[in-house]
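These notes concern the structure reproduced below.
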Amino acid sequence: MPATIRRLVEGLNQPAYVTGRRWDVLAWNAAAADVVTDFAQIPEPDRNILLLMFAHPFGRERFGPGWAAEARRMVAQFRATHDLWSRDPAFQELMTRLRAASPEFATWWEAHDIRRSMAGVKTFYYPDRPGRSGRDPLRFEYATFQANDDPALKLSIYTPA
């Protein structure tokens, strides 16, 4: 992770984080820790967007009734880049963990849907946060950007919708 990108992310007011080619979370800011999740509290081997979605209660809690649609979208987006790195042992290990953790992941992976990354809206639920309830979600518009120096790095930025 280039230090320049890390400082840029940390300096943003909006929730933002950077992922690598395997969707491992490499850098984030305080706003992302508050709105998405505190990535520092997640062991580094589990600090992966797909693992958070499929192997931890976080995904289902944070996306509430929209979890299945969001999870399926993520699988289709990941498939679009996975084949470039499918022989990489780190990708193989991730796939093994995802299949073991989630029958939904395995089913959706076999569907072979492919989607490009696009901007959109996400609705987050906070059942575990004092003062918030599952009926009181927050909506965010988001967009992702690739780094010119390393196209495997993606910056995701969220703004309140």
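Heavy atoms only: backbone and side chains are in, while hydrogens, waters and symmetry mates are out. Not measured: the values here are computed from a predicted model.
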Do other residues, nucleotides or ligands put more than 12 heavy atoms under 6.0 Å from the CD atom of E110?
yes
K122 to F140, cation-pi by 6.0 Å centre distance and 45° axis angle:
no
Between A101 and P103 the two heavy atoms that sit nearest each other are O-CD, 4.2 Å
If the threshold is 4.0 Å, N to carboxylate O, is there a salt bridge linking R47 and D24?
no
Check the angle between the aromatic planes of F54 and W108 and answer parallel, tilted or perpendicular using the 30° and 60° thresholds.
perpendicular
What heavy-atom pair brings W28 and A40 nearest, and what distance separates the two atoms?
CZ2-N, 3.4 Å
Are the side chain of Y158 and the backbone N or O of R139 linked by a donor-acceptor pair below 3.5 Å?
no
Within one Ile-Leu-Val-Met-Phe-Trp-Tyr cluster: F91 and L84, side-chain cutoff 4.5 Å
yes
What's the shortest heavy-atom distance between P151 and N148, and which atoms?
CD-O, 4.3 Å
Identified side-chain contact (heavy atoms from CB on, under 4.5 Å) counterpart of L153 within the set D150, D149, L155:
D150
Please round to the nearest 0.5 Å and tell me the distance separating atom CD of E141 and atom OG1 of T159.
5.0 Å
Closest contact, heavy atoms only, I157 versus A16:
CG1-CB, 4.1 Å
Audit row: L138, T123, side-chain contact (heavy atoms from CB on, under 4.5 Å) steps and yes/no
CA-CA 6 Å; L138 295 176; T123 302; over 6 Å; no
Could you tell me how the ring of W109 sits relative to the ring of F78: parallel (under 30°), tilted (30 to 60°) or perpendicular (over 60°)?
tilted
Quick one: are V18 and K154 in side-chain contact, heavy atoms under 4.5 Å?
no
Flag side-chain contact, heavy atom, 4.5 Å: E61 against Y126:
no
Where is the tightest heavy-atom contact between A31 and N13, given as atom of each residue plus distance?
CB-O, 3.5 Å
Option passing side-chain contact (heavy atoms from CB on, under 4.5 Å) with L50 (candidates Q77, M95, R97, M74):
M74
Have a look at I42 and tell me which of L51, T37, V25 forms a side-chain contact (heavy atoms from CB on, under 4.5 Å) with it.
T37
If every non-hydrogen atom of L26 is compared with every non-hydrogen atom of R6, which pair is closest and at what distance?
O-NH1, 3.4 Å
Taking the side chain from S86 and the backbone from H82, do they hold a donor-acceptor pair closer than 3.5 Å?
no
Would you call E70-R60 a salt bridge at under 4.0 Å N-O?
no
Check: S102 side chain, R99 main-chain N or O, donor-acceptor pair, under 3.5 Å:
no
Would a 4.5 Å heavy-atom cut-off, applied to side chains only, mark F105 and V75 as touching?
yes
Ring centres of F124 and F63 under 6.0 Å apart?
yes
When you compare the side chain of D113 with that of R72, does any pair of heavy atoms fall below 4.5 Å?
yes
Evaluate L52 against F39 for side-chain contact (heavy atoms from CB on, under 4.5 Å), listing each step before the verdict.
CA-CA 10 Å; L52 289 171; F39 296 107; 3.8 Å; yes
Without swapping roles, check the side chain of N29 against the backbone of L12 for a donor-acceptor pair under 3.5 Å.
yes
Any heavy-atom pair between the side chains of W85 and R22 that's under 4.5 Å?
no
Should V9 and Y142 be regarded as members of a common hydrophobic cluster, given that ILVMFWY residues are connected when their side-chain heavy atoms come within less than 4.5 Å of each other, either directly or indirectly?
no
side-chain contact (heavy atoms from CB on, under 4.5 Å) assessment of V36 paired with F58
CA-CA 10 Å; V36 181; F58 160 83; 4.2 Å; yes
